[in-house]
2 protein chains.
Amino acid sequence: MRGEATPRLREALEDDIVSGRLKPGQRLDEVSLAERFDVSRTPIREALIQLAASGMVEIRPRRGAFVALLGPRALIESFELMAEIEAACGRLAARRMTPEDRAAIEQSHAGCAAAVAAEDRETYYAENARFHAAIYAATGNRVLAGEAQRHQRLLQPYRRLQLRVPRRMDASFAEHEAILDALLKGDGDLAAERLRAHVLVQGERFLNLITALQDEAEAVARVG
Amino acid sequence: MRGEATPRLREALEDDIVSGRLKPGQRLDEVSLAERFDVSRTPIREALIQLAASGMVEIRPRRGAFVALLGPRALIESFELMAEIEAACGRLAARRMTPEDRAAIEQSHAGCAAAVAAEDRETYYAENARFHAAIYAATGNRVLAGEAQRHQRLLQPYRRLQLRVPRRMDASFAEHEAILDALLKGDGDLAAERLRAHVLVQGERFLNLITALQDEAEAVARVG
DNA sequence: GTCAATCATCATGTATGCAAGATTATAGGA
DNA sequence: TCCTATAATCTTGCATACATGATGATTGAC
């Protein structure tokens with residue numbers, strides 16, 4: 001076997017969670033996972049512990065690991081934290097972004113525009129993630145960018161659902177335009193303000209969907 | 001043995017790192033730790049993995065675990081992240097703090113005042129941590145408060161050193177007073193601004209000490 | 001028929017064993 | 001004497017084994 005197993009397992013499980021193949025609340029049985037990946041329980045456990053530390057998995061002592069299921073309160077608070085992190089990124093990016101950073105942001109913004117025109121939600125979803133990631137990178141602060149990326153991935157399972165909201169894609173794109181405008185003007189405070197609102201509005205609109213998700217996830221948890 | 005070993009080990013190791021008993025760069029040998037805590041390598045490994053995920057420990061594949069040693073760049077970036085998180089906490093705390101939150105903040109501020117009067121750096125160090133923690137709690141956002149706490153602990157080994165800077169304690173206290181003033185006025189933007197500056201100035205003054213720390217830590221790494 | 005208590009089963013948490021890569025020591029040559 | 005190559009040792013990473021607490025099934029009582 002080439003390379004070590006644990007990092008590969010962590011990435012595979014994280015991808016399954018972020019992409020929604022593993023749903024919030026779902027049980028993660030060590031033995032089943034060990035069989036599925038054809039390894040012993042040891043590297044599975046180590047991968048689960050890492051995911052738990054990053055918040056993607058919840059480990060209840062003696063009761064097993066579950067895909068993290070954020071309740072309404074935790075979800076609101078997480079979006080608020082995300083809003084503040086994004087605002088910080090916007091403040092710093094406006095001041096520091098290099099021409100390359102700027103090009104990357106504009107390119108992903110163009111990708112978003114194309115997705116809106118094509119009414120392709122999956123593509124918009126992906127390009128939106130790139131747009132935000134480009135802003136993180138433009139801060140020039142790798143520690144901050146890493147934290148921003150981690151939290152974005154944490155909320156990804158919930159964001160995906162959020163795009164089902166009617167007209168949300170157009171509204172999101174309009175907000176992106178305003179954010180880009182502030183960044184290009186070099187107005188850090190304005191960029192921060194607009195990014196914060198952009199994320200917070202997601203969280204708010206999103207609350208309508210929480211109950212539905214909660215029920216769905218709990219049903220999965222009961223069955224699986 | 002009552003309860004599980006891993007959480008206890010994680011806490012013990014984290015305390016050793018935060019308190020400075022284990023120094024940045026120091027090697028963490030699994031076998032030695034297992035003997036010291038009288039457990040097998042398994043729970044030691046799991047505790048180290050958790051600490052690595054939170055950033056307190058660095059695990060280099062096949063080469064072992066080390067107490068995280070932040071280079072100059074990572075340190076600057078970490079302080080900048082901390083400044084933004086604290087600013088966010090200040091913004092929200094100013095708007096939302098309850099009378100109990102306010103009492104807790106004022107109480108720890110009084111503790112800081114006493115420590116300054118007594119020129120007791122260790123006490124100031126502890127009360128300062130309480131002051132900041134009280135602001136985190138006053139946001140009413142547990143997720144945000146948790147992140148703030150985690151990052152504060154991450155930087156604690158370096159902060160401790162920082163208090164050696166002459167006159168820093170008095171300056172720090174004066175800044176606290178200005179922060180408290182903004183919070184009591186309910187001016188979130190001002191509190192954010194002052195908290196950001198308060199943390200950033202620590203990071204800046206701190207740079208003078210980095211080289212010394214780096215050398216010291218590397219010497220430890222070579223010996224230990 | 002419902003509920004409670006006991007017991008069987010199962011999963012987790014920890015210990016131990018083993019293989020492979022990393023580190024260090026040693027021996028040989030320049 | 002110094003450098004290099006090789007071998008011994010040590011440590012990590014994973015597999016396996018075992019004990020304890022949790023889960024749920026079955027039996028008995030009401």
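All heavy atoms count here, side chains included; hydrogens, waters and symmetry mates do not. Just so we're on the same page: letters track the sequence lines, and every chain starts at 1.
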State plainly whether the residues [X] and [Y] are in salt-bridge range, i.e. N to O under 4.0 Å.
{"X": "Glu11(A)", "Y": "Arg8(A)", "result": "no"}
{"X": "Asp15(B)", "Y": "Arg153(B)", "result": "yes"}
{"X": "Arg63(B)", "Y": "Glu58(B)", "result": "no"}

Starting from [atom2] on [N], measure out to [atom1] on [X] and report it in whole angstrom.
{"X": "Leu28(B)", "N": "dT12(D)", "atom1": "CG", "atom2": "P", "value": "10 Å"}
{"X": "Leu33(B)", "N": "dT14(C)", "atom1": "CG", "atom2": "C1'", "value": "16 Å"}
{"X": "Glu30(B)", "N": "dG17(C)", "atom1": "CD", "atom2": "P", "value": "17 Å"}
{"X": "Leu9(A)", "N": "dG13(D)", "atom1": "CG", "atom2": "C1'", "value": "12 Å"}
{"X": "Glu4(B)", "N": "dT12(C)", "atom1": "CD", "atom2": "C1'", "value": "8 Å"}
{"X": "Arg27(A)", "N": "dG24(D)", "atom1": "CZ", "atom2": "C1'", "value": "13 Å"}
{"X": "Arg41(B)", "N": "dT14(C)", "atom1": "CZ", "atom2": "C1'", "value": "13 Å"}

> Tell me, for nucleotides 5-10 of chain C in 5' to 3' order, what letter each nucleotide earns: B for a base near a protein heavy atom under 4.0 Å, S for only sugar-phosphate near one, - for neither?
Replying inline: ------
>> Checking Tyr136(B) now: which residues fulfil ring pair (Phe, Tyr, Trp, His ring centres under 6.0 Å) with it, not counting sequence neighbours?
In response: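 With neighbours one apart ignored, the set is empty.
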>> Closer than 3.5 angstrom, by distance alone: can the side chain of Arg10(A) be matched with the main-chain N or O of Ala47(A) as a donor-acceptor pair?
In response: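 No; zero donor-acceptor contacts below 3.5 Å.
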>> Strictly distance-based, threshold 3.5 Å: is any side-chain N or O of Asp16(B) a donor or acceptor partner for the main-chain N or O of Arg21(B)?
In response: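 No; judged by distance alone, with no hydrogens or angles, the pair does not exist.
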> Within the pair Thr6(A) and dC14(D), is there a side-chain N or O less than 4.0 Å away from OP1 or OP2?
Replying inline: yes
>> Walk me through whether Leu92(B) and Met97(B) qualify under side chain to side chain contact (heavy atoms under 4.5 Å, CB included).
In response: CA-CA 8 Å; Leu92(B) 296 174; Met97(B) 65 178 173; over 6 Å; no
> For DNA chain C, which residues in residues 42-63 of chain A have a heavy atom at a distance below 4.0 Å?
Replying inline: Arg45(A), Pro61(A), Arg62(A)
>> Can you tell me which nucleotide in dA15(C), dG13(D), dT12(D) comes closest to the side chain of Val39(B)?
In response: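 Within the option list, the nearest is dA15(C).
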>> With rounding to the nearest 0.5 angstrom, report the CD1 to CZ distance, Ile59(B) to Phe66(B).
In response: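 Result: 10.5 Å between the selected atoms.
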> Is Arg142(A) atom CZ crowded by more than 12 heavy atoms from other residues, nucleotides or ligands, each under 6.0 Å away?
Replying inline: no
